[in-house]
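The block underneath contains the structure these notes are about, expressed in structure tokens.
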Amino acid sequence: MVEQNIRIQADQLAIWLIIIGDKVVQLIHQPGYLKSAWQDLSFVHAYQEQIVKIGDYEDHACFLIDMGNEQIDSDAIELISLRSILMQVEKPFFGIAARAWQVALFMRTHRFCGQCGTTMQQIDWEMAMHCSRCNHRCYPRISPCIIVAIRHKNKLLLAQGKPHQSRQMYSTLAGFVESGETLEEAVHREVMEEVGVKVTNLRYFDSQPWPFPHSLMVGFLADFAGGDIVVDGHEIIDAQWFDIDALPLTPPTLSIAGQLIQRTIEEIKQDQSS
Ligand SMILES: [Zn+2]
């Protein structure tokens with residue numbers, strides 16, 4: 001997956017995911033990902049030893065450089081959020097940007113062994129940090145998280161989470177899988193905890209890495225099986241059954257939440273026309 005000890009060809013175009021603090025470097029006048037030859041990125045040349053290869057995209061190698069909290073004084077670049085980058089790129093690049101971000105976060109948070117406190121070293125044949133004193137080894141953290149669209153006849157159950165309150169946005173339900181739990185058990189538990197209803201007929205839909213900070217969203221479609229909506233009041237502040245002709249503001253289809261909503265609308269329309 002990730003190669004280290006790489007050689008950079010100075011004049012060859014590559015894609016660079018350069019992270020400073022919690023922002024990504026973007027060239028002014030070049031929205032989306034940063035495509036450039038190494039020789040033209042003088043502000044980052046001091047970090048050559050820290051380049052990590054993340055993958056390939058459209059015949060270009062993609063490299064990560066984490067500059068920590070370095071301050072850069074340059075008119076040629078600006079710092080933008082990962083979310084803004086993801087809004088500007090196509091879906092295949094989404095995974096590469098997500099991986100770069102998660103690898104950077106992993107390296108930052110695994111400098112010392114969690115077992116004995118010794119400084120960890122990066123392994124050069126796989127993405128892992130290793131403790132040479134006690135042999136403890138760590139891999140980038142991935143947190144599985146279920147996300148589910150619930151349908152009842154011509155309606156969709158959508159909820160407003162606290163982070164979406166200011167924009168009045170409603171979305172599908174989602175929650176982290178707990179230790180020892182199957183994905184399906186997580187769906188049933190989360191839906192019951194957050195809105196107090198039962199679901200049935202779970203169908204796997206798709207998955208999406210979601211690097212905020214290290215989730216893997218596992219999407220399901222489900223049918224309502226009973227119960228009245230009772231929101232938990234902590235994570236969810238409102239939930240309602242929405243007719244597909246009167247939907248509130250929902251997430252864009254770039255996110256799996258938006259895709260789940262879109263698919264449910266299509267299925268309802270298909271049933272209405274048949
Ligand atoms: Zn150790």
Side-chain angles (χ1 to χ4, degrees), residues 1-8 14-25 33-34 38 41 43-57 61-72 79 81-83 85-86 93-147 163 174-183 185-186 189-190 207-218 235:
M1 170 191 116
V2 176
E3 299 166 37
Q4 281 99 48
N5 294 338
I6 42 173
R7 288 205 189 102
I8 303 295
I15 293 172
W16 299 91
L17 290 133
I18 302 170
I19 297 174
I20 299 179
D22 62 354
K23 297 283 194 296
V24 181
V25 173
Y33 52 77
L34 195 171
W38 171 253
L41 294 174
F43 68 92
V44 83
H45 283 179
Y47 289 79
Q48 186 164 6
E49 295 299 311
Q50 294 172 34
I51 297 173
V52 178
K53 183 164 182 206
I54 291 295
D56 295 281
Y57 183 69
C62 302
F63 298 112
L64 160 70
I65 298 179
D66 183 2
M67 297 178 69
N69 288 314
E70 184 73 31
Q71 304 283 326
I72 294 182
L79 299 179
S81 70
L82 179 64
R83 264 177 211 273
I85 293 269
L86 294 180
F93 189 73
F94 200 103
I96 296 205
R99 185 184 300 164
W101 186 263
Q102 286 171 260
V103 167
L105 192 73
F106 167 67
M107 309 274 277
R108 283 183 187 181
T109 54
H110 289 78
R111 292 182 299 136
F112 301 100
C113 175
Q115 191 157 257
C116 76
T118 303
T119 302
M120 303 269 267
Q121 306 296 331
Q122 191 184 336
I123 295 174
D124 58 8
W125 69 88
E126 63 176 352
M127 177 37 69
M129 296 292 275
H130 180 77
C131 173
S132 55
R133 184 160 175 243
C134 74
N135 279 331
H136 181 52
R137 191 170 290 185
C138 294
Y139 297 88
R141 185 170 160 189
I142 299 169
S143 304
C145 185
I146 59 86
I147 180 160
F176 288 108
V177 180
E178 293 186 348
S179 302
E181 195 172 47
T182 66
L183 295 170
E185 285 168 347
R189 178 186 51 75
E190 277 291 338
S207 62
Q208 182 178 55
W210 192 248
F212 304 104
H214 35 62
S215 298
L216 174 63
M217 309 303 292
V218 186
E235 292 175 67

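Treat the numbers as computed from the prediction; the structure is a model and nothing was measured. The residues of the chain are indexed from 1 along the displayed sequence. Read the numbers this way: they start at 1 and go in the same order the structure lists the ligands and their atoms.
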Subject >> Where the Zn ion (ligand 1) is the vertex, angle from C113 SG to C131 SG to 10° >> reply: 110°
Original post:
Taking the six-membered ring where the residue is Trp, are the ring centres of Y139 and F106 under 6.0 Å apart?
Top reply: no
**OP:** Give, rounded to 10 degrees, the angle between SG (C134) and SG (C116) as seen from the Zn ion (ligand 1).
**Re:** 120°
Original post:
For the residue pair F94 and W210, does the interplanar ring angle fall in the parallel (under 30°), tilted (30 to 60°) or perpendicular (over 60°) class?
Top reply: parallel
Original post:
With side chains defined as the heavy atoms from C-beta onward, is the minimum distance between E70 and F43 less than 4.5 Å?
Top reply: no
**OP:** Measure from the ring center of W101 to the ring center of H214 and say whether it is less than 6.0 Å.
**Re:** no
**OP:** Could you tell me whether any N, O or S atom belonging to H136 is less than 2.8 Å from the Zn ion (ligand 1)?
**Re:** no
